[in-house]
Amino acid sequence: MTKIKLCGNFRVEDADLLNKVQPDMAGIIFAPGQRRTVNLMTALKIRERLNDSIPLYGVFVNQNVMDMLTFFANGLIQGVQLHGEESELEVTLLRERNVPVIQVVKPQQAMLKTAANYVLLDNEFGSGKTFDWRIVPPKPLRQTPLMLAGGLTTDNLQDAINQVQPEWVDISSGDEVAGNKNLEKMRTLVDIVRQ
Ligand SMILES: O=C(O)c1ccccc1N[C@@H]1O[C@H](COP(=O)(O)O)[C@@H](O)[C@H]1O
């Protein structure tokens, strides 16, 4: 069964919505200057309020690995999502310290072996835009569990799963209404992957 990550949670009360719908993973944005970027205090409050059963991943774009290791060691995050041009060396460094890693790759790299736990395909970060799913290599050719992202919504999620057969889907914009996380959208998305 495909698993679901709900990302870009930025208000403390978003933790309550996540607890209600129980996604397999949640995400917060540490990359600076994004609409959904959280500061450390908000991140701590979200982790505190979120059920222990929901792993919280931090999204970073070309940022300091030491910060990631500190956040992980302190239990603030349970894994990292590298959403920039991070090197395989950085991935290895994190993996050597047992940090689970989601690494953004280009579609053609979805077939390469990597030290990361998951490879993630996205259009642009948190843009809410889809890309042409036909360029994704078929499942038998893929070496690492695939996380599909980019403009997934309640309208196209089922098609995306049917076409790409990803192990995971990752959604940020598609569970929002007027710029805020929305319980009904979140519930519908989770129901689609679990039906
Ligand atoms: O969600 C964000 O705002 C974000 C900011 C910077 C880097 C990554 C971000 N989110 C990730 O972007 C993709 C696609 O999101 P969307 O559903 O198209 O909005 C997803 O992997 C999020 O984790």
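Residues: numbered from 1 along the sequence shown. We count ligands from 1, going down the list as the structure has it; atoms in each ligand are counted the same way. Predicted model only: the values in this text are computed from it and were never measured.
Atom NZ of K181 sits in a crowded spot, with more than 12 heavy atoms from other residues, nucleotides or ligands closer than 6.0 Å.
Residue contacts with ligand 1 include Q81, since one of its heavy atoms falls under 4.0 Å from the ligand. Contact analysis leaves R35 out of contact with ligand 1, as no non-hydrogen atom separation drops below 4.0 angstrom. For the pair G128 and ligand 1, a heavy-atom separation below 4.0 Å is found.
Remark: side-chain polar atoms of Q143 are not paired, donor with acceptor, to backbone N or O of L112 under 3.5 angstrom.
A side-chain hydrogen bond (donor to acceptor under 3.5 Å, both in side chains) with R49 is found for exactly one of D14, D16, N19, namely D16.
For ligand 1, the atoms sitting less than 4.0 Å from at least one non-hydrogen atom of L120 are 21 (O), numbered in the order shown with element in parentheses. Applying the 4.0 Å criterion to heavy atoms of D122 picks out, from ligand 1, the atoms 12 (O), 13 (C), 14 (C). Annotation for ligand 1: atoms under 4.0 Å from non-hydrogen atoms of G150 are 14 (C), 18 (O). Numbered from 1 in the order shown, with element, the atoms of ligand 1 that lie under 4.0 Å from a heavy atom of K5 read 23 (O). Set against the non-hydrogen atoms of G151, the atoms of ligand 1 under 4.0 Å away are 16 (P), 17 (O), 18 (O). Below 4.0 Å from some heavy atom of S173 lie the following atoms of ligand 1, by number and element: 16 (P), 17 (O), 19 (O). Residue-ligand proximity, V59 to ligand 1, at heavy-atom distances under 4.0 Å covers atoms 7 (C), 8 (C).
Defined by atom type and a distance below 3.5 Å, a donor-acceptor pair is present between the side-chain atoms of N39 and T42. Between the side chains of T154 and R187, no donor N or O sits under 3.5 Å from an acceptor N or O. Side-chain atoms of E90 and S87 form a donor-acceptor pair, as typed in the model, at a separation below 3.5 Å.
Counting heavy atoms closer than 4.0 Å to ligand 1, residue S172 contributes atoms from both its backbone and its side chain.
M25 shares a hydrophobic cluster with Y57, I102, V104, Y118, L120, M147, W168; the chain of contacts runs through ILVMFWY side chains whose heavy atoms sit under 4.5 Å apart. Within the hydrophobic cluster formed by Ile, Leu, Val, Met, Phe, Trp and Tyr side chains joined at under 4.5 Å, directly or through other members, M111 is accompanied by L141.
Below 3.5 Å of separation, one finds an N or O of R36 facing an N or O of ligand 1.
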